[in-house]
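Following: one structure in C-alpha cells, then a few remarks.
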Amino acid sequence: MNDFRGIKSAALVRSGAYSVKALRFILVAIVGILPHYAMAESHVDTVQILERMSNAFKNSSYDGVFIYSQGTDVKTLRVIHKVKNGVEKERLIHLDGKRFELIRDGEKLSCVVPKTSEGPVEHKVPPSSFAQSFVSNVPELEKNYHISEDRQHRFLDREVMQVSIIPKTNDRFSYQLWLDKTSGILLKSVLKNTSGDELERFQFSSLKMGGPIPDYLFMIENMNQARVVNISKTSSEKTRTTNKGWRVGWIPTGFHSIMSDEVEVAPTFMGNLEYMKAYSDGLFSFSILVEKIENFENFSSGEHSSTVGATTVMSRKFTDLKSNYSITLVGELPVETVKRILASVVQESGT
Amino acid sequence: MSETAYESLSALMDNEAEDLEIRRLLRQYADQPELQEKWARYQLVSAVLGGDASTETGVNLSRQIAQQIEEEPCYEVVGGRRTLKTGRSNFLRPMGSVAIAASVTFLVVFGAQRLSVSGTDVIPQASFANQSELSSFQVEQGVLKNGGTATYKNGYGEAQLASTGTKAGNLSAANDQRAKVRPATVKPVRDIDLYLQQHARNSALSGVGGTAFAKTAAFKVEQ
Amino acid sequence: MQHEAPRIDADQKLVERVQNGDKHAFDMLVVKYESRVMSLVQRLVRDHHEAQDIAQEAFIKAYRALPRFRGDSAFYTWLYRIAVNTAKNHLVSKGRRPAIEGVELEEAEVVGIPKLQDIDSPERQLLRDELEEVIYSAINQLPDDLKTAITLREFEGLSYEEISQVMDCPVGTVRSRIFRAREAIDKQIRKLNLGDKTDDQSP
C-alpha cells in the first residue's frame with residue numbers, strides 16, 4: 001500500500017506553487033462562473049429561437065428572394081411559401097440561367113423546365129422542400145457545438161438575433177445565423193471553414209412575411225413555353241443495400257448513422273454499390289459509398305478532392321485479391337477530416 | 001475546463017493533434033492554469049514511463065522563461081513553403097496576430113496548389129497539407145508495391161503485419177514514430193454531381209442554416 | 001526506390017507554432033523539457049542556482065535560435081546541445097572544468113551521460129520511487145483496452161494509426177483510450193497533492 005504521507009509530494013509535481021495555484025484556480029473558477037449565470041437567460045432564448053426556426057419556415061407564409069453562394073458560384077432564387085387549410089404550398093424558382101421551378105402543393109410536386117428541354121428531370125428534383133431544409137435538432141446540436149448569441153443587429157430592416165454555432169472539435173465547419181427576432185425565420189447564414197473563411201452563404205435580399213400570399217403566385221406563367229413534369233412520389237425506388245463487408249473505422253465525435261439499410265439509390269449506382277452509409281452530427285452530414293469498379297484504368301491517382309462550397313467529394317481506391325473498389329466520401333467536412341475518415345474505411349475480414 | 005482541451009493535450013503529447021486543434025489549445029493554454037498544470041503532469045508521467053524522468057522534479061523555470069520570452073519578438077513565416085525551411089529569414093514582427101494571418105494565407109495558397117480541380121463549382125479550400133503528408137503518401141505507394149505487407153520496428157524488435165491492398169494504407173511504415181499515413185486518393189469515378197445528389201438523398205433532413213438546402217442546390221438545373 | 005516515412009519529431013507541431021509566432025507553444029516546450037534540461041545541466045554544473053540560471057539561459061537561446069532550427073534533428077537533441085554549450089561557455093568563463101570527470105561534453109550532447117546516483121539525494125530518490133509506484137500501479141488498475149493503448153504508446157512508441165491496427169479499433173478510439181488512461185493516472189498523481197492536506201488532519 002502506498003503511504004502518501006511519506007511523499008509530502010512537494011517537489012514531485014512542480015508543486016511548490018501548488019497552494020498558490022489552487023487559490024488562483026478557485027478564484028478563476030468563481031470569476032468564471034459569473035458570466036455563465038449572466039448568459040444563461042440569453043442561452044435559453046437562443047435555443048428557443050433555433051427550435052423556432054425550422055417551424056417558422058414550414059408554418060409561415062412568405063415570399064422572398066435570396067441568394068445562395070458556394071464559393072464563387074452564386075444562385076438567385078425566389079421562394080413563395082404558404083400554408084392554407086393546413087396544406088403547405090411552395091414554389092421555388094431559379095432566377096438565373098435556364099428556367100427551373102419546383103411547385104409543391106401538398107403531396108403533389110411539379111417541375112417546370114423549358115418546353116424545348118428533353119429527358120428525365122426526376123433526378124434533378126431535390127429530396128426535400130425549401131421549407132424543410134432548415135431542420136434543427138437543437139439538443140443534438142448542443143452536444144457537438146457551442147451555440148452562442150453574438151449580438152443583435154439589424155438586417156433586412158428587421159431586428160435579428162445573431163447566433164454562432166461553433167464546433168467543439170475542430171474537425172468540422174461552423175455557422176453564423178441571422179434569425180428574425182419576431183418570427184424566428186432564418187434571414188442569413190454563413191458557413192465558415194476552420195480558418196474562418198466563408199464557404200457558403202444563404203441570404204435573403206427581400207422578404208415579405210405576414211401579409212396575404214395570393215394563390216395566383218403559385219400559377220405557372222408562360223405555360224406555352226413550359227414543360228411541366230409531375231413527379232410522383234413512387235417514382236423513386238428504394239433499394240436495400242446489404243451494408244456488410246465494410247467498416248468505417250473512424251468518424252468524428254458526435255456523428256451517428258442516419259440511414260436505414262433500405263435506401264433510395266440513384267439508378268447510376270445500382271448494381272455497383274457495395275456499401276453505403278450516411279452520418280450526421282445534427283448539423284453536417286456525410287455519406288460513404290463503396291462501389292465495385294470493373295476498370296482500374298478509369299482511376300487517375302494522385303491527390304484529388306472536389307469541393308463545392310462546403311461539400312467535398314473524395315475517393316480512394318481499394319483492391320482486394322478479387323476486385324477493385326472505389327471508396328467515396330461526400331459531405332460537408334474539411335478535407336483533412338474527409339481524408340481521415342476515408343483512410344479508416346476497411347474491408348471487414350472474413351467476408 | 002473542457003475534456004476536449006485535455007484530450008487535445010494528450011494528442012499533442014503524441015504529436016497526433018491536428019493543427020487547428022493545437023491553435024485552439026494554445027489560445028486556452030495562456031490563461032488556464034489548470035491546463036498548464038495538466039500538461040506538466042502529463043509530461044512528468046511520460047518522462048517517468050520513458051525512464052528518463054529527471055530527478056529534478058521540482059524544476060519550475062517556465063514562469064521566468066515565459067517572462068523573458070515575453071520581451072522577445074514573435075516569429076513570422078515569411079513567404080516560403082514550410083515554416084521549418086524558413087530558418088534563413090530572420091524577419092521578426094512584434095505582433096502575433098500578423099503572424100497568424102500570414103500563416104493562414106500561406107496555407108490557403110499552398111492548399112490551392114494541391115487541389116485537383118474537377119467539376120465546375122470548385123473553390124480552393126484551406127488544406128493543411130505539409131511535406132510529411134506528401135511523403136507519407138509516397139510511403140503508402142511504396143507499401144502497396146510491397147504486396148501489402150508493412151513492416152514496422154519498435155524498440156523491442158521488429159514486427160510484421162500483413163494486410164491486403166490499401167488496408168496497408170493505415171499502417172505506418174515508419175521505423176519508430178508517428179508518421180501519418182494518408183490514403184491515396186483518386187479522382188472520383190463518376191460525375192461528382194451524382195455523389196452530391198445521392199448524399200442529398202441520404203441526408204435529406206439534417207442540418208440547420210441551409211446545409212440541407214446546399215444539398216438540394218447540388219441538383220443542378222443547367223447542364 | 002525505397003520510400004521511407006519521414007521520422008517526425010514529436011515536438012514538430014509545437015516548434016512550428018513558435019515559428020509562427022505563438023509564444024505559448026514555447027512555454028509548453030519549456031514545461032516539457034525543463035526538468036530534463038535542468039538535470040543535464042546539473043550534472044555539468046553542480047551548483048543548483050548556477051544550473052538554474054544556465055538552464056534558463058539555454059531556453060532563451062533556443063527561443064532566439066528557433067527560426068534557424070531546421071528540423072534536421074529532433075528538437076530535444078538540438079535543445080540539449082544548446083544547453084550543453086551554454087554550460088560549457090559558462091564553465092570556460094569561470095575557468096572551471098565540467099563537474100563530471102571523464103565525461104566529454106560531446107558525449108553529453110548525445111545525452112549519454114551515465115547516471116550518477118550520488119547526485120540524487122536519498123529524499124529525491126524516494127520521491128521518484130513513490131511517483132513511479134503510483135504511476136505503475138495506476139496503469140495496472142486500468143481496464144485492459146486502456147492499458148494496452150497506453151502501453152503501446154508509451155513503451156512501444158507506436159503511432160495512433162499503428163495502435164489502431166494492432167488493437168483493431170478506430171484511430172479515434174485509440175486517441176480517446178490513451179487520453180482516458182492518462183486521465184486515470186493523472187487522477188492518482190493529483191491525489192498525492194490532496195494527500196498532503198488530509199495528512200495534516202489525519203493521524
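Letters A, B, ... are given to chains in the order of the sequence lines, protein chains preceding strands, and every chain is numbered from 1.
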So, the part of B:Ile22 with a heavy atom under 4.5 Å from chain C: the answer is side chain
| message | Closer than 4.0 angstrom, basic N to acidic O: yes or no for B:Glu16 and C:Arg175? | response | no
In short, B:Leu61 meets C:Ala55 closest at the heavy-atom pair CD1-CB, 3.6 Å
Original post:
Side chain of C:Arg182, backbone of B:Ser10: donor and acceptor closer than 3.5 Å?
Top reply: yes
Notebook entry, point to check: With a 4.5 Å heavy-atom cut-off, do C:Phe179 and B:Glu3 have their side chains touching?
Noted result: yes
For a side-chain hydrogen bond (donor to acceptor under 3.5 Å, both in side chains) check, start with the C-alpha distance between C:Glu154 and B:Ser46, then their side-chain angles and the critical distance, and finish with the verdict. CA-CA 7 Å; C:Glu154 292 287 2; B:Ser46 185; 3.2 Å; yes
Checklist entry - Looking at B:Lys38 and C:Glu183, does any basic side-chain N land under 4.0 Å from a carboxylate oxygen? => result yes
Scanning both residues in full, the closest heavy-atom pair of B:Trp39 with C:Val31 reads CD1-CG1, 3.5 Å
Salt bridge (Lys or Arg N to Asp or Glu O under 4.0 Å) pairs touching residues 52-61 of chain C, sequence neighbours excluded, are C:Glu57-C:Lys61
Interatomic distance, CG@B:Leu44 vs OG@C:Ser35, rounded to 0.5 Å, equals 7.0 Å
By residue number, those in residues 140-148 of chain C with heavy atoms under 4.5 Å from heavy atoms of chain B are none
Flag the pair B:Gln36 / C:His24 as yes when at least one side-chain heavy-atom distance between them is below 4.5 Å, and no otherwise. no
Do B:Tyr42 and C:Asp186 have side-chain N/O donor and acceptor atoms under 3.5 Å apart?
-> no
